[in-house]
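These notes are about the structure you will find just below.
Just follow the structure's listing: the first ligand is 1, and inside any ligand the first atom is 1. Excluded from the calculations below are hydrogen atoms, water molecules and symmetry mates; all remaining heavy atoms, backbone and side chain alike, are included. Bear in mind that the values here come from a model prediction, so they are computed numbers and not experimental data.
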Amino acid sequence: MTATMKTATSGKTTCPYCGVGCGVTLTLPCSTNEAVPPVSGDEDHPANFGRLCVKGSSLAQTIQSDDRLLTPMVDGHPVAWESAIETVSAKIAQVVKDHGPDAFAFYLSGQILTEDYYVANKLAKGFIGTANVDTNSRLCMASAVVGYKRAFGSDTVPCNYEDLERCDLLIMVGSNAAWTHPILYQRIAAAKQQRPNMKVVVIDPRETATCDIADLHLAIKPGSDAAIFSFLLSDSVQSGILDDDFIANHTNGFDLALAQANESTLSLSFTADFCAVSEQDLTSLACWWRDTAKTITFYSQGVNQSSSGVDKCNAIINCHLATGRIGKEGAGPFSITGQPNAMGGREVGGLANQLAAHMDFATPGALDLVRRFWQAPNMATENGLKAVDLFQAMEEGKVKVVWIMSTNPMVSLPDTAQVRRALEKCELVIVSDCKAHTDTTAMADVLFPATGWSEKDGTVTNSERRISRQRGLLPAVGDAKHDWWAICEVAKSLGFSAAFSYQNVHEIFAEHAALSTFENNGKRDFDIGHFAQITKAEYDSLIPVQWPVPKGRPEGTKRMFKDGRFFTPDGRARFIAITPSLPKNQASQEWPFTLNTGRVRDQWHTMTRTGDAASLAKHTAQPYVEIHPKDAKRLGIEDKALVRLTSPYGEVLLKAKLSRAVAFANVFAPIHWTQQFANASVVSNLIPQVVDPLSGQPESKHAQVQLEAVTDICYGVIVSAAPLVLSDCLYWCQVPSEQGYHYEVVWPNGQTQASLKSIDVEQSQDSAEKAEWLEYSNPLTQQIRLAKLIDQTLTLLVYMHPQPESIMADWLISKLAIDTSLSIQDRLAILVGTPANIEDKGEIICSCYQVGSKQIEKAIASGVCSVDALGVKLKCGTNCGSCLPELKRFIPIVTELSA
Ligand SMILES: Nc1nc2c(c(=O)[nH]1)N[C@H]1C(S)=C(S)[C@@H](COP(=O)(O)OP(=O)(O)OC[C@H]3O[C@@H](n4cnc5c(=O)[nH]c(N)nc54)[C@H](O)[C@@H]3O)O[C@H]1N2
Ligand SMILES: Nc1nc2c(c(=O)[nH]1)N[C@H]1C(S)=C(S)[C@@H](COP(=O)(O)OP(=O)(O)OC[C@H]3O[C@@H](n4cnc5c(=O)[nH]c(N)nc54)[C@H](O)[C@@H]3O)O[C@H]1N2
Ligand code: SF4
Ligand SMILES: [Mo]
């Protein structure tokens with residue numbers, strides 16, 4: 001860091017990870033050379049009341065990075081900002097002149113702040129004149145948005161977090177909140193513990209950590225969700241629980257929706273069969289649904305990322321409308337958002353099929369309203385291209401300049417090969433990122449260094465419509481600038497100075513607020529007019545508040561639709577007639593396995609932040625594929641062995657994780673590993689560009705694949721003081737560690753001591769001469785172990801063995817670069833690889849206190865028999881609580897043993 005520190009000693013901000021939107025207190029280091037002390041939860045923040053999950057509490061570890069993008073780059077060369085901006089604006093001006101405004105596009109992200117989003121949307125839709133402004137939110141909650149809009153006439157989340165604590169039945173559909181919205185999950189778990197009558201149902205083809213608090217888990221056939229809710233709608237009629245007054249006075253379309261539900265679900269047995277669940281389980285759900293007015297349906301990517309995602313959302317909403325379970329405490333259809341500011345993006349209209357401030361191109365009068373408000377010279381007049389179509393238009397040469405901001409499409413969009421072709425074809429690819437090396441920055445012609453979390457100022461909106469401040473408490477690194485600033489500079493350079501001359505970010509927020517209230521008069525849900533004249537001081541001290549916050553209502557709005565009025569032209573909500581449908585591609589003889597994808601507990605997306613934290617890597621160090629043991633046996637795949645997954649679009653290599661959590665012929669893989677962390681594990685390689693016809697959201701939870709054991713290979717671990725280029729490996733995965741570099745690797749058979757020594761290609765002549773090699777090999781076990789010392793200091797260790805096995809890499813790494821004189825015992829221990837005096841912890845379960853599975857098993861064997869007692873003995877689970885579901889799973893073993 002070059003700049004001087006600000007004077008405050010600590011400040012409040014909002015976590016940059018999930019949509020729970022927890023408040024974080026960041027203490028500043030005394031000097032720029034010191035590390036940032038661990039962050040803590042903000043006790044006053046209504047999302048988390050002081051608690052943080054493991055990702056949030058590890059934030060300080062991820063602030064300082066060796067891989068920050070420090071300066072603008074054009075064609076690989078560092079340049080001054082003025083020059084980079086000039087390059088970009090000149091090219092935009094040229095393509096717009098030659099090919100029209102739609103030759104330019106923004107591809108944004110639910111991780112930029114509302115103010116960044118607002119100016120990007122304004123520049124494109126009002127001034128350049130294109131609605132080609134799409135975002136990674138297309139991959140995330142586009143279906144939920146369309147579902148709400150079809151039903152309510154507006155994109156309005158009705159519920160809040162307190163409702164989750166107060167409901168009596170919580171149906172969690174396609175959500176693994178224990179890992180993905182941990183603090184919310186813990187609030188739910190605590191509420192259930194206090195009120196044991198509260199029931200939780202999980203609907204997910206996979207058994208997840210979230211099932212830990214479930215009274216019922218429906219492991220449905222992938223994609224069949226809409227049938228469950230259509231069945232509940234029909235059943236609500238039969239059981240007489242309809243809210244006839246609500247249906248009559250506040251809705252339209254009930255009869256058609258019901259007729260369609262009756263026709264498509266037919267009977268209990270038909271539906272159970274369609275969804276591959278037992279009639280008994282479906283009956284239990286129906287009984288609870290009948291008996292429980294205070295019901296929330298909480299849904300996430302298992303619903304949205306589907307070729308029928310919008311219909312699934314409306315099947316859910318139909319049930320709530322029919323029973324009047326909306327707008328009341330503890331009731332409603334609650335779409336939970338993933339990214340920290342997916343909601344803010346929706347609010348500014350930052351999707352290609354939105355205009356601004358919750359208005360669409362199709363909203364009567366909206367185009368003119370926004371044009372007048374912005375005094376916009378070149379208003380776009382119709383929807384732009386949604387993400388997948390946008391990248392296809394790039395490949396077709398129609399979109400010639402793209403500005404990608406705060407997202408990594410080379411990893412997150414389906415069909416990576418297509419995304420690569422699109423970016424290669426594009427004449428100018430601009431990428432704004434904090435990191436120098438990502439799979440997407442590798443494709444850029446121009447790189448803009450962005451300030452990141454803790455450096456940038458602005459607002460985010462969480463899943464319950466709560467607007468909170470992210471605060472720039474630390475100085476920007478290098479030449480990094482705020483995203484809103486870069487957009488405004490390009491806008492000014494394009495000749496739009498008057499509309500983009502903001503001096504400070506609060507002015508953007510004020511303008512956004514003013515637009516939201518402009519000629520609104522209660523017609524539009526999104527109104528934060530209270531902030532239309534906000535001053536810098538007020539903005540800096542903004543307290544988290546739930547929108548709408550219209551003029552005269554500074555306290556905001558906890559719950560929507562209390563009066564049964566919706567934002568449709570006639571004020572009535574709409575039922576939608578739904579025909580449940582399964583995912584577009586189904587298993588075939590050639591592609592017999594269904595691949596499901598999602599998240600792991602301690603990693604965030606493409607690992608650009610969490611991938612830096614050694615402690616977060618220990619829960620899941622490598623990319624894996626979960627396979628049912630019977631399928632694995634049939635294919636000759638052992639636990640931890642390397643597996644090749646192939647689809648019509650590409651292939652990946654992953655480590656097998658045998659697990660009964662997935663059904664036969666179904667596999668699951670996490671999405672996080674990029675080419676920066678593993679050479680061949682980008683799961684999006686396999687995903688087809690199948691999208692929901694209404695929302696354009698990709699069916700990322702569903703691909704058809706083949707699986708095979710990779711043969712003629714040997715496994716290994718390398719630890720090195722310096723980073724390595726591992727071109728001879730079939731597979732490598734870099735695992736972050738406190739000291740040095742740790743790689744899990746797989747080689748083709750036939751490696752020799754000599755070939756393994758040549759791994760160290762980067763060595764200088766000098767170091768080669770000084771190097772001393774300790775070697776061990778055993779032809780019987782086919783093991784080779786090499787240690788390289790330079791001046792008595794260990795610099796490289798290579799272990800090779802025929803089978804996948806666990807090596808205590810942590811211990812090996814701890815020996816790197818520290819000992820100037822290794823003892824004989826140490827030397828032997830290094831080659832044996834299992835030091836007698838160091839405890840093998842097993843897989844780390846509790847990241848906060850680094851407690852591993854073997855320690856837990858040992859404690860249980862010694863008589864510890866509850867999660868609380870484990871906490872007392874080992875401290876595990878006593879800090880952030882993210883590992884509690886996993887800890888609980890260890891406990892039944894005791895019951896069985898003692899039975
Ligand atoms: N640790 C962590 N937390 C995160 C993130 C992260 O990267 N890491 N990302 C954040 C973001 S942006 C998002 S969007 C959220 C996502 O949060 P979630 O949606 O909870 O997470 P996923 O793991 O993507 O998917 C949820 C579940 O959907 C299930 N599923 C798959 N197909 C179906 C189906 O057809 N029907 C049903 N009912 N379920 C199905 C999967 O088995 C999976 O368990 O997480 C947020 N939180
Ligand atoms: N198969 C499959 N694919 C999926 C999903 C799935 O479940 N399965 N989930 C989808 C979902 S829900 C999501 S949300 C996406 C997420 O996928 P992405 O959005 O591609 O993933 P991130 O790693 O969050 O990318 C954020 C990038 O922005 C950078 N960055 C961080 N902060 C800032 C900032 O303030 N400014 C700028 N300019 N850059 C910044 C980071 O360094 C990083 O490179 O993946 C989607 N793709
Ligand atoms: S639950 Fe965890 S990741 Fe999500 S906002 Fe809170 S601390 Fe951050
Ligand atoms: Mo997401």
Side-chain angles (χ1 to χ4, degrees), residues 14-24 39 41 45 47-48 51-59 65 67-69 107-113 116 135-142 177 180-186 300-302 304-305 337-342 387 404-414 431-441 448-453 455-456 458 460 462-463 470 480-483 486 595-599 603-611 669-672 674 676 682-687 697-703 880 882:
T14 312
C15 178
Y17 296 123
C18 83
V20 178
C22 296
V24 174
V39 304
H45 199 291
N48 57 318
R51 303 199 66 173
L52 292 176
C53 77
V54 61
K55 291 185 298 303
S57 46
S58 308
L59 270 167
S65 160
D67 191 37
R68 281 297 292 267
L69 181 60
Y107 185 58
L108 307 173
S109 159
Q111 291 170 84
I112 54 175
L113 307 182
D116 302 323
T135 142
N136 66 359
S137 291
R138 182 70 57 197
L139 320 176
C140 185
M141 29 53 31
T180 55
H181 296 95
I183 293 300
L184 211 45
Y185 175 83
Q186 287 173 29
S300 186
Q301 298 315 334
N304 297 344
Q305 288 172 347
T337 49
Q339 299 182 83
N341 200 32
I404 298 168
M405 181 174 280
S406 198
T407 176
N408 202 349
M410 283 291 292
V411 188
S412 51
L413 270 174
V431 177
S432 292
D433 208 289
C434 313
K435 287 287 177 120
H437 297 95
T438 74
D439 293 11
T440 303
T441 59
F448 283 156
T451 51
W453 181 81
E455 298 158 5
K456 59 193 293 184
V460 290
N462 75 2
S463 292
Q470 268 196 21
K481 298 280 189 195
H482 306 315
D483 290 316
L595 169 70
N596 173 8
T597 63
R599 289 149 173 83
Q603 291 299 344
W604 176 261
H605 292 172
T606 70
M607 296 170 61
T608 54
R609 229 188 310 253
T610 45
I671 58 172
H672 307 286
T674 71
Q676 314 303 312
V682 174
V683 167
S684 292
N685 275 331
L686 305 173
I687 313 280
Q697 178 154 359
E699 191 150 60
S700 311
K701 290 271 177 276
H702 206 86
C880 77
S882 299

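- For ligand 2, the polar-atom distance check against Thr438 finds no nitrogen or oxygen pair separated by under 3.5 Å.
- Closest to atom 23 (O) of ligand 2, if we only count protein heavy atoms, is Thr606 OG1, 2.5 Å.
- Side-chain atoms of Thr407 never come within 3.5 Å of backbone atoms of Leu108 as a donor-acceptor pair (strictly under, hydrogens ignored).
- Under a 4.0 Å criterion applied to the non-hydrogen atoms of Trp604, ligand 2 contributes the atoms 24 (O).
- Rounding to the nearest 0.5 Å places CD of Gln111 at 9.5 Å from OG1 of Thr135.
- No donor-acceptor pair under 3.5 Å is formed between the side chain of Thr674 and the backbone N or O of Asp439.
- Under the 4.0 angstrom criterion for non-hydrogen atoms, Val411 is not in contact with ligand 2.
- Val24 places a side-chain heavy atom less than 4.5 Å from the side chain of Leu52.
- Side chains of Ile112 and Asn341 form no contact here, defined as non-hydrogen atoms less than 4.5 Å apart.
- Residue contact check: Cys18 has heavy atoms under 4.0 Å from atoms 1 (S), 3 (S), 4 (Fe), 5 (S) of ligand 3.
- The closest protein non-hydrogen atom to atom 13 (C) of ligand 2 is Arg599 NH2, 3.7 Å.
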**OP:** Please report the C-alpha distance between Leu595 and Val683 in whole Å, then the side-chain angles of each, then the deciding distance to 0.1 Å, and finally whether the side chain to side chain contact (heavy atoms under 4.5 Å, CB included) criterion is met.
**Re:** CA-CA 10 Å; Leu595 169 70; Val683 167; 4.2 Å; yes

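- Within the 4.0 Å heavy-atom criterion, the part of Lys701 lying near ligand 2 is the side chain and not the backbone.
- To the nearest 0.5 Å, atoms OG (Ser412) and CZ (Arg138) are separated by 14.0 Å.
- The nearest heavy-atom contact from the protein to atom 2 (Fe) of ligand 3 is Cys53 SG, 2.3 Å.
- Of the possible polar contacts, none joining the His605 side chain to the Arg599 backbone as a donor-acceptor pair under 3.5 Å is found.
- The contact set between ligand 3 and Tyr17, taken as ligand atoms under 4.0 Å from a residue heavy atom, comprises 3 (S).
- In the vicinity of Ala450, heavy-atom distances shorter than 4.0 Å reach the ligand 2 atoms 36 (N), 37 (C), 38 (N).
- Taking a cut-off of under 4.0 Å to the non-hydrogen atoms of Gln305, the atoms of ligand 2 that pass are 5 (C), 6 (C), 7 (O), 9 (N), 10 (C), 12 (S).
- None of the N, O or S atoms belonging to Cys22 lies under 2.8 Å away from atom 2 (Fe) of ligand 3.
- The shortest heavy-atom distance from Ser109 to ligand 2 is not under 4.0 Å.
- Side-chain atoms of Gln305 do not come within 3.5 Å of backbone N or O of Gln697 as any donor-acceptor pair.
- The protein heavy-atom contact nearest to atom 8 (Fe) of ligand 3 is Cys15 SG, 2.3 Å.
- Using modelled atom types, no side-chain atom of Ser432 and backbone atom of Ala450 make a donor-acceptor pair closer than 3.5 Å.
- Polar contact check, Lys435 against ligand 2: no nitrogen or oxygen pair lies under 3.5 Å apart.
- Listed by number with element, the atoms of ligand 2 under 4.0 angstrom from any heavy atom of Asp483 are 34 (C), 35 (O), 36 (N), 37 (C), 38 (N).
- Close approach of ligand 2 to Ser432 (heavy-atom distance below 4.0 Å) involves ligand atoms 37 (C), 38 (N), 39 (N).
- Heavy atoms of Asn48 come nearer than 4.0 angstrom to ligand 3 in no pair at all.
- The protein heavy atom nearest to atom 8 (N) of ligand 2 is Thr597 OG1, 2.8 Å.
- The nearest heavy-atom contact from the protein to atom 22 (P) of ligand 2 is His605 CB, 3.5 Å.
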Original post:
What's the verdict on side chain to side chain contact (heavy atoms under 4.5 Å, CB included) for Thr180 and Ser300, showing C-alpha distance, side-chain angles and the deciding distance?
Top reply: CA-CA 10 Å; Thr180 55; Ser300 186; 5.7 Å; no

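- Short contacts between ligand 2 and Lys456, defined as distances under 4.0 Å to a heavy atom of the residue, involve ligand atoms 34 (C), 35 (O), 36 (N).
- Separation of atoms CG (Asn48) and CD1 (Ile183) is listed at 6.5 Å; rounding is to 0.5 Å.
- Distances from atom 47 (N) of ligand 2 to the heavy atoms of Ser412, Pro409, Ser406 show the closest one on Ser412.
- Taking a cut-off of under 4.0 Å to the non-hydrogen atoms of Gly21, the atoms of ligand 3 that pass are 5 (S).
- In summary, the atoms of ligand 2 found under 4.0 Å from a heavy atom of Gln111, numbered by their order in the structure, are 19 (O), 22 (P), 24 (O), 26 (C).
- Put simply, NZ on Lys435 and OG1 on Thr606 are 9.5 Å apart, with the number rounded to the nearest 0.5 Å.
- Residue contact check for ligand 2: Val683 places no non-hydrogen atom closer than 4.0 Å to it.
- In terms of modelled atom types and a separation under 3.5 Å, the side chain of Gln186 and the main chain of Cys880 share a donor-acceptor contact.
- Counting only distance, with no hydrogens or angles, the side chain of Ser463 and the backbone of Thr337 share a donor-acceptor pair below 3.5 Å.
- Nearest protein heavy-atom contact of atom 19 (O) of ligand 2 is Asn136 ND2, 2.6 Å.
- Residue Asp433 holds the heavy atom nearest to atom 44 (O) of ligand 2 of all those in Thr451, Asn408, Asp433.
- With no hydrogens or angles considered, a side-chain donor-acceptor pair links Asn136 and Gln339 at under 3.5 Å.
- Every atom of ligand 2 with a heavy atom of Cys140 under 4.0 Å away is listed here by number and element: 12 (S), 14 (S).
- We find the OG1-CZ distance between Thr608 and Arg68 to be 10.5 Å, quoted to the nearest 0.5 Å.
- Numbered from 1 in the order shown, with element, the atoms of ligand 3 that lie under 4.0 Å from a heavy atom of Pro182 read 1 (S).
- Taking atom 1 (S) of ligand 3 as the reference point, the nearest protein heavy-atom neighbour is Ile183 CG1, 3.4 Å.
- Close approach to Gly56 involves these atoms of ligand 3, each under 4.0 Å from a residue heavy atom: 7 (S).
- One distance of note links CE of Met405 with CG of Asp483; it measures 4.0 Å at 0.5 Å rounding.
- Atoms of ligand 3 found under 4.0 Å from any heavy atom of Leu52, numbered from 1 in the order shown, are 7 (S).
- No side-chain heavy atom of Asp433 sits under 4.5 Å from any side-chain heavy atom of Thr440.
- With hydrogens left out, the protein atom closest to atom 41 (C) of ligand 2 is Thr608 OG1, 3.2 Å, a heavy atom.
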